[in-house]
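Worksheet for the structure shown next.
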There are 2 protein chains.
Amino acid sequence: MRTPSELTQLFREQGLKVTPQREAVFRALGGSVDHPTAESVHAAVTAEMPNVSLRTVYQVLNDLAGMGEIHALELGTGAARFDPNVDTHHHLVCTVCGKVRDVYVDPVAVPVSALGFTVDSAEVVFRGRCDDCAPVLH
Amino acid sequence: MRTPSELTQLFREQGLKVTPQREAVFRALGGSVDHPTAESVHAAVTAEMPNVSLRTVYQVLNDLAGMGEIHALELGTGAARFDPNVDTHHHLVCTVCGKVRDVYVDPVAVPVSALGFTVDSAEVVFRGRCDDCAPVLH
DNA sequence: ACTCTACCGACAATGATTGTTGATTGACAA
DNA sequence: TTGTCAATCAACAATCATTGTCGGTAGAGT
Ligand SMILES: [Mn+2]
Ligand SMILES: [Mn+2]
Ligand SMILES: [Zn+2]
Ligand SMILES: [Zn+2]
């Protein structure tokens, strides 16, 4: 995701207004490394600016995803997670606490043998337990 | 997934009754290669045996998944897909028509560098377009 | 033949997300 | 500076997949 000021410019170019609510979402996402849900983003935003509706947060997140500035991750953990890191990378998902971490794996071999299919993207999800949740080995 | 008759035995061992409804789900799954949704399984079952409720189909699918006989795939396409193939493999998902195909890729390099995380499983999802949905190149 | 699980129909409830509406505000172009 | 229209608000309703519940019935296994 670009910087808040670059996003400001981008939104203006698209004919979209730069409102305080949108700027607050920009900042909340920018300073996040934990793949927040819409609810988390909303919590972060309302901490600084109450009365911002969850509906509006969803709108902004969808706008940003539509512009390719963030990615929406469907990890099968209930709510979607939003990722401001759009560089090629993959994820470690803790099946206990739900935390999501970035991981950079060697490029996945695209199945050339998969005739009859044009691959656009590949995503790898590793599931397991983070250190906080790993069973204690006495 | 094992054969219907093996599943019959397994269910009996678990103290579960082998009802016609359960057998119908066994058969519907066994003869499927397209990763059906619960709704699809229900449709296949009611074709032979009307009055089987969707609720019951969900029950049987969850039972089978609990026993590790099938896998529930959360591919971010709305409904869960159920997979009777529990051998290690991965998936091609058509972003146009939603079809899901199996693909066997070289073992994904587990990120040894991911210190502080114990990996239990890795799943790879390739998204793209199947031949039926690929744009026609004149 | 008896018992108790499984199933039925018929709904209600869940949780994440989106739709809607009518009123108000405020960003930005003129 | 001002006028306009997009954006937002609160407050709900609706969606979709899935699960819960319940009273009544059927039938699988002993
Ligand atoms: Mn990430
Ligand atoms: Mn499969
Ligand atoms: Zn954890
Ligand atoms: Zn297709």
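Chain letters run A, B, ... following the sequence lines, proteins first, then strands; residues in each count from 1. Because the structure is predicted, anything quoted here is derived from the model rather than measured.
A:Glu74 meets the side-chain contact (heavy atoms from CB on, under 4.5 Å) test with A:Ala80; sequence neighbours excluded.
Put simply, the side chain of B:Glu69 gets close to the backbone of B:Arg2: a donor and an acceptor are under 3.5 Å apart. Between the A:Thr56 side chain and the A:Val52 main chain, no donor and acceptor come within less than 3.5 Å of each other.
Atom pair A:Leu54:CG and C:dG19:P shows a separation of 14 Å (rounding to whole Å applied). Atom CD of B:Gln9 and atom P of D:dG29 are 13 Å apart (whole Å). Taking atom CZ of residue B:Arg55 and atom C1' of nucleotide C:dA6, one finds them 12 Å apart after rounding to whole Å. One interatomic measurement links the two molecules: CZ of A:Phe11 to P of C:dA29, which rounds to 16 Å at whole-angstrom precision. Atom CD of B:Gln14 is separated from atom C1' of C:dA6 by 16 Å (rounded to the nearest Å). The CG atom of B:Leu61 sits 15 Å away from the P atom of D:dA17 (whole-angstrom rounding).
Residues B:His90 and B:Val125 have side chains not in contact (no heavy-atom distance under 4.5 Å, counting atoms from C-beta outward). Side chains of B:Thr8 and B:Glu23 form a contact here, defined as non-hydrogen atoms less than 4.5 Å apart. Within the 4.5 Å cutoff, no side-chain heavy atoms of B:Asp34 are placed close to those of B:Val100. Put simply, the side chain of A:Phe82 does not reach to within 4.5 Å of the side chain of A:Leu73, judged on heavy atoms.
Between B:Tyr58 and the phosphate of D:dT19, there is no side-chain N or O to OP1/OP2 separation shorter than 4.0 Å. Taking 4.0 angstrom as the limit, B:Arg12 places a side-chain polar atom (N or O) nearer than this to OP1 or OP2 of D:dG29. Contact between the side-chain N/O atoms of A:Thr56 and the OP1/OP2 oxygens of D:dT8 is not found at any separation under 4.0 Å.
The stretch residues 16-52 of chain A touches DNA chain C through A:Lys17, A:Val18, A:Pro20, each having a heavy atom under 4.0 angstrom from the strand. Within residues 76-86 of chain A, the residues having any heavy atom closer than 4.0 Å to DNA chain C are, in order of number, A:Ala79, A:Ala80.
A side-chain donor from one of B:His35 and B:Asp83 sits under 3.5 Å from a side-chain acceptor of the other.
Other residues, nucleotides and ligands contribute only 12 or fewer heavy atoms inside 6.0 Å of the CD atom of A:Gln9.
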